[in-house]
Amino acid sequence: MRDKDVIQHIQDLCKERSWTYYRLAKEADIPYSTLNNMVNRTNIPTIPTLQKLCDAFGITLADFFLDEPDALQLTEDSRKSLRFTIIFRWRKRKS
């Protein structure tokens, strides 16, 4: 993902949620000026800042950089259920 793509993706995620940059800054617990500089001056966020933004959006860093945005995304409950099923079947085979 190129630098401009990172900024564009942040903008797209805000649009999807109908969030202002002010709201994103508050949700991510970062200064609005930091976010404003990223968007308007195309300053690339540091990894810790990007992590805060992802946390605010409710996604992982891996989700942020996913090449296929329409790829299947599991909810936390689905992940837990899948993890349980895999462990259960693995233990069953060992028995």
Side-chain angles (χ1 to χ4, degrees):
M1 184 178 277
R2 292 185 300 236
D3 295 350
K4 287 184 180 180
D5 294 337
V6 170
I7 301 302
Q8 184 62 52
H9 194 44
I10 292 168
Q11 292 170 328
D12 292 344
L13 289 167
C14 280
K15 286 178 188 172
E16 285 174 15
R17 291 160 175 76
S18 299
W19 283 10
T20 62
Y21 297 138
Y22 181 79
R23 176 162 181 197
L24 176 57
K26 289 296 181 193
E27 295 284 339
D29 195 29
I30 63 170
Y32 174 74
S33 59
T34 299
L35 183 60
N36 194 43
N37 285 335
M38 275 188 285
V39 174
N40 293 321
R41 297 183 186 168
T42 62
N43 293 351
I44 302 307
T46 63
I47 295 297
T49 299
L50 189 55
Q51 179 65 62
K52 287 182 176 186
L53 295 173
C54 288
D55 290 344
F57 286 130
I59 62 174
T60 65
L61 275 171
D63 291 336
F64 184 87
F65 289 106
L66 223 116
D67 286 335
E68 299 174 22
D70 294 330
L72 176 63
Q73 300 293 310
L74 298 176
T75 64
E76 186 59 33
D77 287 341
S78 296
R79 286 183 188 138
K80 286 178 183 177
S81 178
L82 182 58
R83 193 175 302 126
F84 174 79
T85 302
I86 290 169
I87 291 169
F88 177 78
R89 289 184 179 171
W90 179 77
R91 286 181 179 165
K92 193 173 179 182
R93 273 194 222 161
K94 291 197 107 185
S95 307

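What you see below is based on every heavy atom in this structure, not just the backbone, and it leaves out hydrogens, waters and symmetry mates.
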Close side-chain approach of Trp19 to Phe57, heavy-atom, < 4.5 Å: yes
4.5 Å side-chain heavy-atom contact, Ile44 and Leu50: no
Would you say the side chain of Ile30 lies within less than 4.5 Å of the side chain of Met38, judging by non-hydrogen atoms? yes
Minimum side-chain heavy-atom gap Ile59-Leu13 below 4.5 Å: yes
I need the Leu35 CG to Thr49 OG1 distance, nearest 0.5 Å. 10.0 Å
Those residues that, when tested against Ile47, pass side chain to side chain contact (heavy atoms under 4.5 Å, CB included) (two or more places apart): Leu61
When rounded to the nearest 0.5 angstrom, what distance separates NE2 in His9 from SG in Cys14? 11.0 Å
Could you check if a side-chain atom of Asp5 sits within less than 4.5 angstrom of a side-chain atom of Phe65, using non-hydrogen atoms only? no
What residue pairs, at least two apart or across chains, pass side chain to side chain donor-acceptor pair (under 3.5 Å) with a residue in residues 21-36? Arg23-Glu27, Asn36-Asn40
Hey, what do you get for NZ (Lys52) to OG1 (Thr46), rounding to the nearest 0.5 Å? 8.5 Å
Side-chain contact test, heavy atoms from C-beta onward, threshold under 4.5 Å: evaluate it for Pro45 versus Ile10 and give yes or no. yes
